[in-house]
2 protein chains.
Amino acid sequence: MTQEKPEFDSLEEYDEEAFDRPSVTVDLIIFTVKDDDLKLLLKKRDSWPDEGKWALPGSFIEMDESLEDAAKRTLHEKTGLEDVYLEQLYTFGKPERDPRTRVITVGYYALVNYEEVRDVDELENIEWHSAYSLPELAFDHEEIADYSIERLRAKMEYSTAAYSFLPEKFTLSDFQDIYETVFDREFDRRNFRRKLKKKDIVEDTGEKTEGVSHRPAKLYRKGRELGEIVEIL
Amino acid sequence: MTQEKPEFDSLEEYDEEAFDRPSVTVDLIIFTVKDDDLKLLLKKRDSWPDEGKWALPGSFIEMDESLEDAAKRTLHEKTGLEDVYLEQLYTFGKPERDPRTRVITVGYYALVNYEEVRDVDELENIEWHSAYSLPELAFDHEEIADYSIERLRAKMEYSTAAYSFLPEKFTLSDFQDIYETVFDREFDRRNFRRKLKKKDIVEDTGEKTEGVSHRPAKLYRKGRELGEIVEIL
DNA sequence: ACAAAAGTGTTGGTGTTACACCCATGT
DNA sequence: ACATGGGTGTAACACCAACACTTTTGT
């Protein structure tokens with residue numbers, strides 16, 4: 001606190017003096033939508049501190065990988081997925097956020113299609129939890145999770161990130177259901193559909209759903225790139 | 001790369017094994033508007049690497065301070081200011097971004113009123129530079145600066161962050177000039193003013209400018225909190 | 001025939017854009 | 001009197017919110 005504050009320019013001396021360095025991790029908020037519920041993947045902690053509480057999956061940054069690569073690696077370990085929508089959320093670094101040592105964590109959020117995720121039961125102590133009724137979380141992970149929901153909503157208002165939650169072919173109701181789940185409110189069907197079509201967010205495949213006990217719905221595919229900026233709400 | 005990848009849960013062992021930890025810094029993008037130009041504060045590097053190039057002011061995180069505190073400390077060192085608009089931008093962590101050692105940097109951007117900044121000439125090798133014609137920057141600071149301009153614009157579209165650039169009392173033209181400078185384009189005066197008034201972004205003080213060689217302008221003050229969310233453009 | 005979800009248009013109100021002239025002051 | 005920037009209203013258009021009935025299929 002009262003020791004010399006090294007200037008950025010003098011990093012060589014800083015190294016020689018071996019000042020303490022913080023640990024740096026990535027933590028992942030892995031979102032999916034399933035059964036009209038927004039869910040995120042949590043891992044139960046098996047040791048001190050916060051043993052038994054649920055935590056966001058995370059790992060340490062390795063010296064030769066970028067932050068995004070670390071996030072992708074962690075995501076792959078937990079879900080078997082690659083090439084999903086992934087975005088840096090925020091960096092959390094209060095000194096007391098981890099009682100063991102100084103840990104700065106870079107949060108990333110990922111949007112995944114539930115059907116494409118490797119069966120999570122293969123992994124010990126990993127489960128999907130509703131974002132709307134989270135258990136008690138370890139460290140400051142509740143703050144991180146809350147913030148990630150805010151950012152997810154902001155992103156989905158003006159981009160096509162929602163494709164991530166859907167299979168290749170989907171109905172307009174599927175699309176709308178995602179929005180109603182994530183925003184936890186209803187939208188007018190006619191107005192919602194009009195916008196999806198006018199802004200070329202969806203593209204007709206010519207196919208229809210089969211085997212449903214009501215009128216079949218047209219199937220659409222994405223009409224823009226994943227994550228492209230378009231006003232949706 | 002092929003060594004064991006420690007799981008988050010096993011941090012105690014990780015510590016004992018003394019894996020390398022990255023250095024963590026904050027870098028600041030300190031914006032101001034002066035003479036119809038968007039400017040940011042740069043420091044000339046006086047040693048390897050990139051000696052002679054300009055760099056964003058930054059410093060190392062200390063073990064007992066939060067990221068935001070580190071950013072405030074750095075801002076104070078360079079400008080003498082406290083309590084300014086300050087927001088985390090993004091965290092940059094490519095392994096090769098600094099040739100000396102692994103450095104992860106958390107970018108923060110600050111918006112300051114030029115008149116309130118301590119005279120920068122007191123400090124060696126620190127200068128304001130136009131964001132629209134930056135010199136060659138050290139490290140990946142050009143990328144950081146570019147991204148910060150994008151984010152500054154996004155923020156100013158829907159919040160009152162622009163108050164930061166203005167004195168307590170200002171004219172509607174002053175406010176508009178800030179926007180025209182930051183967005184590098186013109187806005188219709190009547191439409192712009194209508195919105196500022198209708199959304200209570202400005203509040204009449206009853207005073208007028210004095211000593212100008214044209215019609216005096218009404219003086220306003222901020223009508224909302226700094227950084228409050230309101231659509232402005 | 002009934003249940004279930006799909007599909008579809010119009011209207012009134014609101015907000016946005018584009019545009020031109022007079023006013024108050026200092027020199 | 002001139003130069004300089006300050007101040008103001010309106011019309012056309014685009015967008016948005018609210019609203020209910022018919023269609024297609026499976027059981």
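Chain letters run A, B, ... following the sequence lines, proteins first, then strands; residues in each count from 1. Atom set for the values below is all heavy atoms of this structure, side chains included, hydrogens, waters and symmetry mates excluded.
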**OP:** To the nearest Å, give me how far apart CG (B:Asp188) and C1' (D:dT8) are.
**Re:** 11 Å

Give every pair of a protein N or O atom and an N or O atom of nucleotides 10-13 of chain D that lie under 3.5 Å apart, one pair per line with the distance.
unit_1	atom_1	unit_2	atom_2	d
D:dT10	O4	B:Arg194	NH2	2.8

**OP:** Return yes if the base of C:dA6 and the side-chain atoms of A:Arg190 contain a donor-acceptor N/O pair under 3.5 Å, otherwise no.
**Re:** no

Subject >> B:Asp50/B:Arg45 salt bridge by N-O under 4.0 Å criterion >> reply: no

Original post:
With respect to the phosphate group of D:dC16, does any side-chain polar atom (N or O) of A:Lys195 fall under 4.0 Å of OP1 or OP2?
Top reply: yes

**OP:** Calculate the interatomic distance between B:Leu196 atom CG and D:dG7 atom P; express it in whole Å.
**Re:** 12 Å

Subject >> No-hydrogen, no-angle side-chain donor-acceptor test under 3.5 Å, B:Glu203 and B:Tyr220 >> reply: no

Original post:
For every nucleotide of nucleotides 21-27 of chain C, 5' to 3': is a protein heavy atom under 4.0 Å from its base (B), only from its sugar-phosphate (S), or from neither (-)?
Top reply: --BBBS-

Original post:
Hey, are A:Glu65 and A:Arg73 close enough for a salt bridge, meaning a charged N less than 4.0 Å from a carboxylate O?
Top reply: yes

Original post:
Got a salt bridge between A:Lys169 and A:Glu207, using NZ or NE/NH1/NH2 to carboxylate O under 4.0 Å?
Top reply: yes

Original post:
Can you tell me if CD on B:Glu168 sees more than 12 non-hydrogen neighbours from other groups inside 6.0 Å?
Top reply: no

Original post:
In whole Å, what is the span from the CZ atom of B:Phe192 to the C1' atom of C:dA18?
Top reply: 17 Å

**OP:** Report which part of the nucleic acid A:Glu231 touches: base, sugar-phosphate, or nothing (heavy-atom distance under 4.0 Å, all strands).
**Re:** sugar-phosphate

**OP:** Grab the OH-C1' distance between B:Tyr220 and D:dG6 for me, whole Å please.
**Re:** 10 Å

Original post:
Salt bridge between B:Lys94 and B:Asp140, side-chain N to carboxylate O under 4.0 Å?
Top reply: no

Original post:
B:Ile232 CD1 to C:dT16 P: how many Å, rounded?
Top reply: 13 Å

Original post:
Which of these passes side-chain contact (heavy atoms from CB on, under 4.5 Å) with A:Thr160: A:Arg224, A:Lys155, A:Glu225, A:Lys222?
Top reply: A:Arg224

Subject >> side-chain contact (heavy atoms from CB on, under 4.5 Å) against A:Leu226, all qualifying residues, sequence neighbours excluded >> reply: A:Tyr85, A:Tyr163, A:Ser164

Original post:
Given the rule in the side-chain hydrogen bond (donor to acceptor under 3.5 Å, both in side chains) test, do B:Arg193 and B:Ser173 qualify, once you have shown the distances and angles that lead to the verdict?
Top reply: CA-CA 9 Å; B:Arg193 287 163 176 238; B:Ser173 295; 3.3 Å; yes

Original post:
Taking it one step at a time, do A:Glu87 and A:Arg151 satisfy side-chain contact (heavy atoms from CB on, under 4.5 Å)?
Top reply: CA-CA 10 Å; A:Glu87 189 167 302; A:Arg151 279 278 298 275; 3.6 Å; yes

**OP:** Grab the NZ-P distance between A:Lys197 and C:dA6 for me, whole Å please.
**Re:** 12 Å

**OP:** Would you jot down, in residue-number order, the residues of residues 158-169 of chain B having a non-hydrogen atom under 4.0 Å from DNA chain D?
**Re:** none

Original post:
When all nucleic acid strands are considered with a 4.0 Å heavy-atom cut-off, which category describes B:Lys199: base, sugar-phosphate, or nothing?
Top reply: nothing

Original post:
Which of residues 171-185 of chain A have a heavy atom under 4.0 Å from DNA chain D?
Top reply: none

Original post:
Between B:Phe192 and B:Phe187, what is the ring plane arrangement, given parallel below 30°, perpendicular above 60°, and tilted in between?
Top reply: tilted

**OP:** Can you establish whether the number of heavy atoms outside B:Glu142 located under 6.0 Å from its atom CD is more than 12?
**Re:** no

Original post:
Rounded to the nearest Å, what distance is computed from the NZ atom of residue A:Lys198 to the C1' atom of nucleotide C:dG9?
Top reply: 15 Å

Original post:
More than 12 non-hydrogen atoms from neighbouring residues, nucleotides or ligands closer than 6.0 Å to CD on B:Gln88, yes or no?
Top reply: yes

Subject >> Integer-rounded Å distance: C:dT10 P and A:Arg193 CZ >> reply: 18 Å

Original post:
For A:Glu231, which residues count as a side-chain contact (heavy atoms from CB on, under 4.5 Å) partner, sequence neighbours excluded?
Top reply: A:Lys195, A:Lys199

